[in-house]
Amino acid sequence: MRMRGRSYRYVGPADLTSLIRPGGEGCCVRSPADFAEWASRRGMEEWSEPFTFVVDVTGSLRLASRRSEHVVCAAGAVVLSAGEVSFQEEPGRWAVLEVSNQSTGYCPDVSSWPAVAAALDRAGVGRPSGFTHEVVFRRCPSCREINIVREADYVCVFCDEVLPQEWNVDGHREVPGRRRLPSGREHGG
């Protein structure tokens with residue numbers, strides 16, 4: 001079943017797609033039993049930092065270690081949301097401690113929260129009413145760089161142009177002769 005809502009394609013560094021391997025995607029969590037099984041296989045050290053997550057186009061939550069790239073967690077596919085999430089065990093259930101849409105590979109809008117909420121609900125995980133840390137991504141219409149908007153300052157950090165109020169990251173077209181650096185900047189040649 002395909003979920004409704006905006007979807008996000010991978011817009012990060014192309015070289016990271018070479019890390020995608022068959023069967024290497026994040027663990028698919030569709031039910032409380034799936035989540036319990038996934039949680040039981042985590043070592044103590046893994047719980048000390050957030051996990052990488054994506055919500056795939058079927059609405060399923062996919063989880064991987066924080067050191068995993070979102071594009072690998074999603075097997076390169078289009079997603080409904082992506083970010084980082086941490087969990088805590090509460091009496092009788094698991095709950096989200098923190099969750100964000102922080103994924104510089106997919107740059108999902110904060111409006112992707114309903115997909116995350118629905119996936120967490122299906123997994124039987126208690127959750128907040130929204131992202132506990134919202135990241136606002138915008139692409140500069142002038143220099144085409146992806147920006148993280150801080151403190152509602154919609155100005156490009158690369159060229160000082162005004163950024164749009166509406167999400168626009170996926171309008172990216174590769175510029176011939178330019179390559180994306182790990183920092184997200186482009187380099188000529």
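If you're wondering where the values come from, they're calculated on a predicted model, not measured in any experiment.
- Checked against ring-ring contact (aromatic ring centres under 6.0 Å, His included), F35 has the following partners two or more places apart in sequence or in another chain: W38, F87, W94.
- Residues forming a side chain to side chain donor-acceptor pair (under 3.5 Å) with S111 (at least two apart in sequence, or on another chain): D109.
- Considering only heavy atoms from C-beta on, V55 stays 4.5 Å or farther from V79 through its side chain.
- Residues V11 and D170 have side chains in contact (heavy-atom distance under 4.5 Å, counting atoms from C-beta outward).
- Looking at residues two or more places apart in sequence or on another chain, you find a salt bridge (charged side-chain N to carboxylate O under 4.0 Å, His left out) between R67 and E49.
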For residues 24-33, run the donor-acceptor check on the side chains, cut-off 3.5 Å, and write out each pair with its distance to 0.1 Å, sequence neighbours left out.
residue, atom, partner, partner atom, Å
E25, OE1, G23, N, 3.4
R30, NE, S60, OG, 3.1
S31, OG, A33, N, 3.4
S31, OG, D34, N, 3.1

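- Counting heavy atoms from C-beta outward, Q88 and W47 have side chains that stay 4.5 Å or more apart.
- Residue pairs that meet the ring-ring contact (aromatic ring centres under 6.0 Å, His included) test with at least one member in residues 52-85, sequence neighbours left out, do not exist here.
- Taking 4.5 Å as the limit, every side-chain heavy atom of V78 sits out of range of all side-chain heavy atoms of Y106.
- The salt bridge (Lys or Arg N to Asp or Glu O under 4.0 Å) analysis of residues 92-101, with sequence neighbours excluded, yields the pairs E90-R93.
- Contacts classified as ring-ring contact (aromatic ring centres under 6.0 Å, His included) and involving residues 119-140 (residues at least two apart or in different chains) are given here: W113-F131.
- Within the structure, salt bridge (Lys or Arg N to Asp or Glu O under 4.0 Å) contacts touching residues 73-87 (residues at least two apart or in different chains) are R66-E84.
- Qualifying side chain to side chain donor-acceptor pair (under 3.5 Å) partners for R62, counting only residues two or more places apart in sequence or in other chains: D56.
- Evaluation of the side-chain hydrogen bond (donor to acceptor under 3.5 Å, both in side chains) test over residues 150-159, restricted to residues two or more places apart or in two chains, returns none.
- Not counting sequence neighbours, the partners of S68 by the side chain to side chain donor-acceptor pair (under 3.5 Å) test are S65.
- In this structure, the salt bridge (charged side-chain N to carboxylate O under 4.0 Å, His left out) partners of E46, at least two apart in sequence or on a different chain, are R42.
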